[in-house]
Colleague: 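Encoded as structure tokens, here's the structure I'll be asking about.
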2 protein chains.
Amino acid sequence: MSERSDVASTRRRILEASLDLFGTRGVDGVSLDDIAAVVGVRKQTVLYWFASKDDLVVAALAIAAEQLAVVIEAAVRAAPDDPLDRVDAVVCAVFRPAVRRPALLGLIREVSRLPTAQADALATGIQPLIERATSYLRAEMAAGRLRQGDPALIAALAYATLTGIATEPETLRAVGWIPSAAGLRRLRDELRRYLAAALRP
Amino acid sequence: MSERSDVASTRRRILEASLDLFGTRGVDGVSLDDIAAVVGVRKQTVLYWFASKDDLVVAALAIAAEQLAVVIEAAVRAAPDDPLDRVDAVVCAVFRPAVRRPALLGLIREVSRLPTAQADALATGIQPLIERATSYLRAEMAAGRLRQGDPALIAALAYATLTGIATEPETLRAVGWIPSAAGLRRLRDELRRYLAAALRP
DNA sequence: GCACGTCTCTACCATCTGGTAGAGACGTGC
DNA sequence: GCACGTCTCTACCAGATGGTAGAGACGTGC
């Protein structure tokens, strides 16, 4: 059966489905059968491509990290050299996929609270992203192009807020606040304004 | 056996343990046996006090909402009449328990992504808290004591940031950023500064 | 002494879970 | 024609899970 594999390889589709399901419903809340059903395949096929559920989790996290890295990379390249513009561009660039696909940042959170073994996977995919951001901020602060401050603090705040906005719409919807597209855009702009105010030298 | 019940009723201790476990590891990631073990009791005792796991989840969410309500209530009463001071007081008041006990806000998130039935429980405990905050902001904006804006936007951003800070330390720790007490305090102050800047008329 | 509330005990159940085993089907490229 | 990669099928397994059933133990208050 290769009709489906032509469109997108089964392996890839299992990974994408796992990213979405694990990232939104949690690793414990999703069975291999659930994933197989979404892909339109049998559980054995999932286990044909990935030796175990743990392996699948790690692999899904890896493609999430990769997709985030690509988005950030593109934003940085396209942005002007000014560090404030760059930070702004990265926030905007990450915001869109993060909101459209809450599982992207959600999966990071899910993995990070797993029993220690799998959490190590964060070190390979995600940690470099965070470290790159903080070291960039540190360098620009040292050069006087950004206000002096704790780069880790800024990065952590931006990350926490982004993750909160990306993964809480479910909550806020359940609680009566309907996050419209326009509302989310304004949330993004608030965050941008806030970071600009905190970083402008 | 009432030696233990004297200290704190078994029912209450089951509820508190459920709040912590469900809120940090997720409803699906915690079994009734896990909760019983933490409390030092048998699974049958848990099911003696709560008809089902679903009931326990709903009850745990209820006490989380109540504890948040108490904290907010006290902060509002103790704060001066100025709305900026009040917002600041509420943020500070919620921040401390939210960071010390990530499960408080974490449980809200966990419940909100459950199959629809239990998510209705959010309407009784949490929704009133959010609505009260937004209606307060709206009233003060209308009175010109706060800058005009979308109250839901501000409430949502504060909520998302607070939840992010409260529940992401695990992630950030896994990723190399160690959230010290001082670091968390500075995160809180950043949020306060931002809200003050956004709300000052 | 008795009823009651609280909790434990043994024992059980159906269901779901991750995972295994092995055979076979189908299409492709050589 | 053959090997290979991909995927399905039937069938199974051990363990964990939510939940049930019923008897009994212990202490308290009446």
Side-chain angles (χ1 to χ4, degrees), chain A residues 1-19 21-61 107 110-111 113-119 121, chain B residues 1-19 21-22 24-61 107 110-111 114-119 121:
Chain A
M1 241 188 239
S2 58
E3 336 126 18
R4 273 188 186 130
S5 307
D6 295 340
V7 181
S9 77
T10 302
R11 195 189 128 94
R12 184 73 196 186
R13 288 168 60 226
I14 291 172
L15 274 176
E16 299 286 349
S18 300
L19 199 171
L21 291 176
F22 287 149
T24 53
R25 282 160 50 190
V27 173
D28 290 317
V30 177
S31 69
L32 295 182
D33 274 322
D34 291 338
I35 295 167
V38 166
V39 179
V41 110
R42 303 295 143 196
K43 179 174 72 167
Q44 295 93 323
T45 305
V46 175
L47 286 166
Y48 169 78
W49 287 108
F50 302 92
S52 68
K53 192 182 184 182
D54 287 359
D55 282 15
L56 183 51
V57 171
V58 171
L61 180 69
L107 183 58
E110 294 300 327
V111 172
R113 76 174 183 196
L114 254 42
T116 46
Q118 312 181 40
Chain B
M1 240 187 241
S2 57
E3 336 125 20
R4 273 190 186 128
S5 307
D6 295 340
V7 182
S9 77
T10 302
R11 196 189 126 93
R12 184 73 196 186
R13 289 167 58 227
I14 292 171
L15 275 176
E16 298 287 349
S18 300
L19 199 171
L21 291 176
F22 287 149
T24 52
R25 282 159 51 189
V27 173
D28 290 317
V30 177
S31 70
L32 295 182
D33 274 321
D34 291 338
I35 295 167
V38 165
V39 178
V41 109
R42 302 294 144 197
K43 179 175 73 168
Q44 296 93 322
T45 305
V46 175
L47 286 166
Y48 169 79
W49 287 108
F50 302 92
S52 67
K53 192 182 184 183
D54 286 359
D55 282 15
L56 183 53
V57 171
V58 171
L61 180 68
L107 183 58
E110 293 300 327
V111 172
L114 255 41
T116 46
Q118 312 181 41

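Residue numbers start from 1 in every chain, and the chains themselves are labelled A, B, ... in the order their sequence lines are given, proteins ahead of strands.
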Colleague: For DNA chain C, what string of dots and brackets results from 5' to 3' when Watson-Crick and G-U pairs need both distances under 3.5 Å, crossing pairs get [ ], and pairs with another strand get |?
Modeller: ||||||||||||||||||||||||||||||

Colleague: Consider the side chain of B/W49, meaning its heavy atoms from C-beta on, and name the nucleotide among D/dC7, C/dT6, C/dG18 that approaches it most closely.
Modeller: C/dT6

Colleague: OP1 or OP2 of C/dC16 less than 4.0 angstrom from a side-chain nitrogen or oxygen of A/S31, does that happen here?
Modeller: no

Colleague: State whether A/Y48 places a side-chain N or O below 4.0 Å from either non-bridging phosphate oxygen (OP1 or OP2) of D/dT6.
Modeller: yes

Colleague: A/V27 and A/K53: side-chain contact (heavy atoms from CB on, under 4.5 Å), yes or no, with the steps?
Modeller: CA-CA 9 Å; A/V27 173; A/K53 192 182 184 182; 4.1 Å; yes

Colleague: Any N/O pairs under 3.5 Å between the protein and nucleotides 9-12 of chain C? List them or say none.
Modeller:
unit_1, atom_1, unit_2, atom_2, d
C/dC9, OP2, B/R42, NE, 3.0
C/dT10, O4, B/Q44, NE2, 2.6

Colleague: Please list, chain by chain and in numerical order, all residues satisfying side chain to side chain donor-acceptor pair (under 3.5 Å) with B/R12, sequence neighbours excluded.
Modeller: B/E16

Colleague: For the side chain of A/R13 and the backbone of A/V39, is there at least one donor-acceptor N/O pair under 3.5 Å apart?
Modeller: yes

Colleague: At 4.0 Å (heavy atoms only), tell me whether A/V46 reaches a base, stays on the sugar-phosphate, or touches nothing.
Modeller: nothing

Colleague: Could you tell me whether a side-chain N or O of B/T45 sits under 3.5 Å from a main-chain N or O of B/V41, the two making a donor and an acceptor?
Modeller: no

Colleague: Determine, step by step, whether B/V57 and B/E110 satisfy the side-chain contact (heavy atoms from CB on, under 4.5 Å) criterion, reporting the C-alpha distance in whole Å, the side-chain angles of both residues, the deciding distance to 0.1 Å, and the verdict.
Modeller: CA-CA 10 Å; B/V57 171; B/E110 293 300 327; over 6 Å; no

Colleague: Could you pick out which residue, A/D34 or A/L47, lies toward the 5' side of DNA chain C when each is mapped onto its nearest nucleotide?
Modeller: A/D34

